[in-house]
Structures are given as structure tokens and as C-alpha cells.
Enquirer: 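Take this structure first; my questions come after.
This is a predicted model, so every value here is computed, not measured.
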Amino acid sequence: MITGATAGIGAACARRFAAHGARLVLVGRRADRLDHLRHELGELAPVHTLKLDIRDRCAVMQELCDLPAEFRALDVLVNNAGVALGLEGAQMSELDDWAVTVETNIMGLLYCTRAALPGMVARNRGHVVNLGSVAGSYPYPGGNVYCGTKAFIHQFSLALRADLLGTKVHVTCIEPGKVESELAEVRFKGDMAKAAAVYADTEPMTPDDIAEVIHWCVTRPAHVNINTVELMPIDQAFNPLAVHRVRN
């Protein structure tokens, strides 16, 4: 099951797993894109789509309970759906943007995980892959709540591993740096010039790069758990700590 499957990393994961014959449950809010993926990938692997807003707790729990029998035993959950909104300082940010970010990046991820996890534990197999970000470790101006949600995902993933000790259920947190996707367009609310500037004169990673890493993580031997993977494009690194200087 892949959330946020209609674009970017989610769609790339769907294509990679389908190419290896995996049975897919693809979750997204855009029905037309889900239909397109089902038609595209249906010849490679069985595909079931769910038009679903993962922020809707009741809908998430009900839809996963009602999955067709042949899709119900989820072996892999890729919690990919996420959002970043705005780049203003906290004192100027929109509270509605903060709420949507927390409800999607944290609560949606929790709902999907809680719905899928009991079955994995009962079958004593499975893998939860959470999409974090380097923003969870290295905050930046304007990142405020987005950075906080990604830090939560990192810590929650580690806590899941602690809770699942003694089972064969794996947990991995994938923490990418700059990836060219629709995230920038969403962050700047359709301002394509601002979105393009994020990637200007750089060679960012692609969704396919991240999908390859995710597929590698979930195909390791059963006795191996990849806890965390942090990756960046070669032209991204770390800034010196910011210093504000007051000059007389």
C-alpha cells in the first residue's frame, strides 16, 4: 500500500513495485490520476485504488477493513503522502497551513500505520516505510512546522521499532534531501516561478532515485532491518550555523 501514489515518489514507487510483480493498493485524492495508474500498471501487477484523504480517520480505518480479500494482507506500507505549505517565518505563517501540514504529515501517517499494523503483527511479517526528510534533522528558516513533522516521523519510526521488537515486522525511515517533485509547487500554492527556483542550477534527486532506495530496503533478508536512510543530491550539503550580527 502506497499513500500519495498519484505523483512524485509515490507514483515512482508504484511503478517500481509493479515492475517486480507486487500486488498494489494505491491511495490518493485524485481519482483521475489513480485511474491512469491502474490502467498503466494493471498489465504488470494487480492494482486496487483508493480515493482517500488520509486525514479522515474514520475513512482510513473503514477502507482498510473493507479491502478486497486478495489485497487485505498488506506486506508493505509506504507512508509517502505529505505536504509542505508556505515558507514564511512562524510569526507570519497561516495557521490553516500549519493545521493541514500536521494533519497530513503526522495524523494521516498515524491513521494508516495503526490501521495496517495489527495485521502485520498477527501475520508476523511486514514492513512500514515512513517518508521523513533531512528537514527533520537540519531545520531551515521558514521550515518551522514542516521540519517539526519530519522530526516526529523520524522519532516515531524509531519508537515503532522498539514496540515491534520480537516480531518480524520491519520499520524504515527514508529521509531525502532535495527531490524534484510537485512538493515545491504545492508549497508555493501554484507559483511555478518560485517552485522552479528551488531546483534552478542544481541536479536534484528524482522520485525514481528514492523509489529505488525504498525497494532496496524492503527486499533485504528477513533478519535485516534498515532503520534510517538519509540521502541528498551531491550538490546539496550543510550550511554553517546562522549568526545574526549587530553592528554599531
Enquirer: Could you tell me if the side chain of Val121 sits less than 4.5 Å from the side chain of Leu164, heavy atoms only?
Expert: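 They are in side-chain contact.
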Enquirer: Are Met107 and Phe156 connected in a single hydrophobic cluster, I mean Ile/Leu/Val/Met/Phe/Trp/Tyr linked by side-chain heavy atoms less than 4.5 Å apart?
Expert: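 Linked within one cluster.
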Enquirer: Check whether any side-chain heavy atom of Val229 lies under 4.5 Å from a side-chain heavy atom of Cys217, and answer yes or no.
Expert: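 Val229 vs Cys217: side chains touch.
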Enquirer: Please check if Ile2 and Val76 belong to a single hydrophobic cluster, counting links between Ile, Leu, Val, Met, Phe, Trp and Tyr side chain heavy atoms closer than 4.5 Å.
Expert: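 Yes: a chain of side-chain contacts under 4.5 Å links Ile2 to Val76.
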Enquirer: Do the non-hydrogen side-chain atoms of Arg29 and Thr6 ever get within less than 4.5 Å of each other?
Expert: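 Not in contact.
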Enquirer: For the residue pair Leu64 and Cys112, establish whether any side-chain heavy-atom pair is separated by less than 4.5 Å.
Expert: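 Contact flag for Leu64/Cys112 side chains = no.
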Enquirer: Mind running salt bridge (Lys or Arg N to Asp or Glu O under 4.0 Å) on Asp208 and Arg16 for me, showing each step along the way?
Expert: CA-CA 8 Å; Asp208 285 336; Arg16 182 165 292 271; 5.6 Å; no
Enquirer: Do the non-hydrogen side-chain atoms of Lys178 and Met232 ever get within less than 4.5 Å of each other?
Expert: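 No. Closest side-chain heavy atoms not under 4.5 Å.
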Enquirer: Among Arg30, Lys189, Arg187, whose salt bridge (charged side-chain N to carboxylate O under 4.0 Å, His left out) with Glu182 holds?
Expert: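 Answer after filtering Arg30, Lys189, Arg187: Arg30.
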Enquirer: Below 3.5 Å, can you tabulate the donor-acceptor pairs from side chains in residues 45-52 to any protein atom, sequence neighbours excluded?
Expert:
residue : atom : partner : partner atom : Å
Thr49   : OG1  : Arg38   : NH1          : 2.8

Enquirer: State, yes or no, whether a side-chain contact exists between Ile174 and Ile9 at a heavy-atom distance under 4.5 Å.
Expert: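 A side-chain contact is absent here, since even the closest heavy-atom pair is not under 4.5 Å.
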Enquirer: Do Thr172 and Ile214 have side chains that get closer than 4.5 Å, going by heavy atoms?
Expert: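 No, their side chains stay 4.5 Å or more apart.
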Enquirer: Compare all side-chain heavy atoms of Tyr146 with those of Lys150 and state whether any distance is below 4.5 angstrom.
Expert: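 The answer is yes; the side chains approach within 4.5 Å.
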Enquirer: Checking side chain to side chain contact (heavy atoms under 4.5 Å, CB included) against Tyr111, which of Glu103, Arg57, Arg55 comes through?
Expert: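 Option passing the side chain to side chain contact (heavy atoms under 4.5 Å, CB included) with Tyr111: Arg57.
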